[in-house]
There are 2 protein chains.
Amino acid sequence: MEEMKEKAEKLFEGIKRHTELSPEDEEKIFSRLTRKVIKRKQFYLHEGQIAKSAAFVVSGCLRSYSIDENGFEHILQFAPANWWITDMYSFISEKESYLNINAVEDTEVLLLTRVDQLDLFDEVPTLERYFRIITENSLVNSHRRLLDNMSLTAKERYGKFCQVYPTLINTLPQKQIAQFLGITPEFLSKVRNESLRKK
Amino acid sequence: MEEMKEKAEKLFEGIKRHTELSPEDEEKIFSRLTRKVIKRKQFYLHEGQIAKSAAFVVSGCLRSYSIDENGFEHILQFAPANWWITDMYSFISEKESYLNINAVEDTEVLLLTRVDQLDLFDEVPTLERYFRIITENSLVNSHRRLLDNMSLTAKERYGKFCQVYPTLINTLPQKQIAQFLGITPEFLSKVRNESLRKK
DNA sequence: AAAAAAGGTTAAGGTAGGTTAAGAGGATGG
DNA sequence: CCATCCTCTTAACCTACCTTAACCTTTTTT
C-alpha cells in the first residue's frame with residue numbers, strides 16, 4: 001500500500017519536528033499503523049467502550065465530548081488534520097471511557113493501539129520522546145483553557161477561540177463552538193450579535 | 001549529605017511505581033537535584049520569571065495560580081508531598097511564566113532544572129518514561145477538571161473536591177478552595193452552609 | 001498585649017448566562 | 001421534490017453565582 005505510506009509521511013514529519021527519526025524507525029512505526037475512514041457523524045469511540053487505540057487525523061476532523069446527566073454535550077477537544085485524539089483516561093488505564101469521539105466531517109485516521117505504542121516505546125525510544133513532548137504541550141493547552149474558563153467572560157473566550165482556531169470558525173456548526181466554550185448555543189448567538197453591532 | 005539522600009528516596013519510590021530504576025540511575029538523578037526550603041507564603045516562582053526548574057515536594061504544600069486583570073487569583077494546582085509542580089508552559093518553552101507558585105505552608109522541595117532533566121532523559125531513558133507517564137496522568141486530571149467545570153454546579157464541584165482531596169480540606173483556607181473551584185469565597189461559604197443544614 | 005491583617009459569615013441587590021419557546025432558513029434524505 | 005430535521009436567531013423570563021459591605025473571629029505582627 002504505497003498510498004498509505006504517503007499518509008504516514010504527515011505523521012513522520014510531525015515527529016521529526018520534535019525529535020530525530022531514522023528510516024528504520026519509520027518502518028517500525030509504519031508497520032503498527034492501521035488506516036481507517038470515519039464518515040461524518042460516525043463514531044470512533046462510544047462512552048463505556050475501552051479506547052484501545054489513539055487516532056492520528058490525516059484529513060477531516062474528529063471531536064471528543066462527554067454527555068452530562070441532563071443530556072448536555074460538552075466538547076473536550078477538536079482534532080483537525082495532524083492531531084492525535086483519544087480518550088486518554090481510557091487509553092492509559094484500559095477502563096471504560098467517559099468520552100465519545102465522532103467525526104465532524106468525513107475523516108481519515110491512522111490508528112495506533114496502546115499495546116503497539118508501548119512496544120514501540122522500547123523499540124524506538126525517540127517515539128516515546130515525541131509522545132512525551134506532545135503530551136507536555138497538551139497539558140499546557142488544557143491548563144490554559146482551565147484558567148481561561150475561570151477568568152474570562154463568554155465573549156472574551158469566544159474572541160480568543162476565533163483567534164486561535166480561525167479555520168474551525170467557518171467549518172464548525174456554532175452549536176459545537178458553544179459546547180466547546182462551555183455556554184449554550186443561544187447565548188453564543190447573542191454574544192456574536194453584540195460583537196457584530198460594535199463594528 | 002546523607003540527609004538529602006533520604007528525601008530523594010521518596011522520589012525514587014515514586015518513579016519505581018511506574019518503571020524500573022537501577023542504583024546507578026538513582027545516583028545519576030540524585031547528582032542533579034538541589035534541595036530547597038520554601039517558607040509559608042514565600043514564592044518559588046513569580047509571574048514573568050522563567051521557570052528554570054520543576055519542584056518535587058518532599059513535605060509541605062505549594063500552589064500555582066494566575067492573577068487576572070481584575071486582580072483575582074485562580075488556583076491551577078495544589079502540590080502536596082510527592083507531587084511535582086512548575087509552570088509547564090514556561091518550563092518547556094523558556095518563555096515568561098504567567099503563573100505564580102508559592103508555599104501554602106513551610107515546604108521542602110527537590111529541584112530539577114529543565115536542562116538537567118533533558119540531559120537525564122538521554123542518560124536515563126527510564127526517567128523520560130516516568131515523566132511521560134506522570135504527564136499523561138496530569139493531562140487526564142486536567143481534562144476531568146475542565147469537563148467538571150463545564151457540567152457541574154459549584155456545590156457539586158465542592159462535594160467532589162472533598163472526596164478527592166479529603167486531606168486538603170482541613171489544612172487549606174476556604175478562600176483558596178474557592179479559588180481552585182472557580183467561585184468566590186462568599187459563595188463557597190453559602191454552599192457549605194447549605195450542605196451542613198441538610199445533614 | 002495591643003494593633004493590624006486576614007479569614008469567614010451573612011444578607012441585599014445585581015448580572016452573566018440559562019431556559020423555554022417559537023419562527024425562519026438550510027440541509028438532508030427518501 | 002417534498003418532508004423532515006437541523007441550525008440559527010430572537011425574546012421574555014429565570015437562576016446560579018457575583019458584588020458590596022458590614023460584622024465577627026482568628027491569626028500574625030510588633
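A, B, ... follow the sequence lines: proteins, then strands. Residue 1 opens every chain.
Within the 4.5 Å cutoff, the side chain of B/I85 has no heavy atoms near those of the B/F78 side chain. Contact of the B/S142 side chain with the A/L139 side chain is registered, since non-hydrogen atoms from C-beta on lie closer than 4.5 Å.
Between A/Q174 and D/dT9 there is a side-chain N or O to OP1 or OP2 distance below 4.0 Å. At the phosphate of C/dG18, OP1 or OP2 sits under 4.0 Å from a side-chain N or O atom of A/T184. Here A/R40 reaches the OP1 or OP2 of C/dT28: one of its side-chain N or O atoms lies under 4.0 Å away. Contact annotation: A/N193 side-chain N/O to D/dT10 OP1/OP2 distance is under 4.0 Å.
For A/P173 and B/K190, each mapped to the nucleotide of DNA chain D holding its nearest heavy atom, the one lying further toward the 5' end belongs to A/P173. Take the nearest nucleotide of DNA chain C for B/Q176 and for A/G182: the residue whose nucleotide is more 5' is B/Q176.
When each of A/E26, A/E123, A/E27 is tested with A/R32 by the rule salt bridge (Lys or Arg N to Asp or Glu O under 4.0 Å), just one qualifies, namely A/E123.
Picking from D/dC8, C/dG17, D/dC17 the nucleotide with the shortest atom distance to the side chain of B/T153 gives D/dC17. When the nucleotides C/dA16, D/dT20, C/dG8 are ranked by their closest atom to the side chain of A/F187, C/dA16 comes out on top. When distances are taken from the side chain of A/S189 to each of C/dG17, C/dT19, D/dT9, the shortest belongs to D/dT9.
The minimum heavy-atom distance between A/T107 and A/S59, with the atom names listed, is CG2-O, 3.1 Å.
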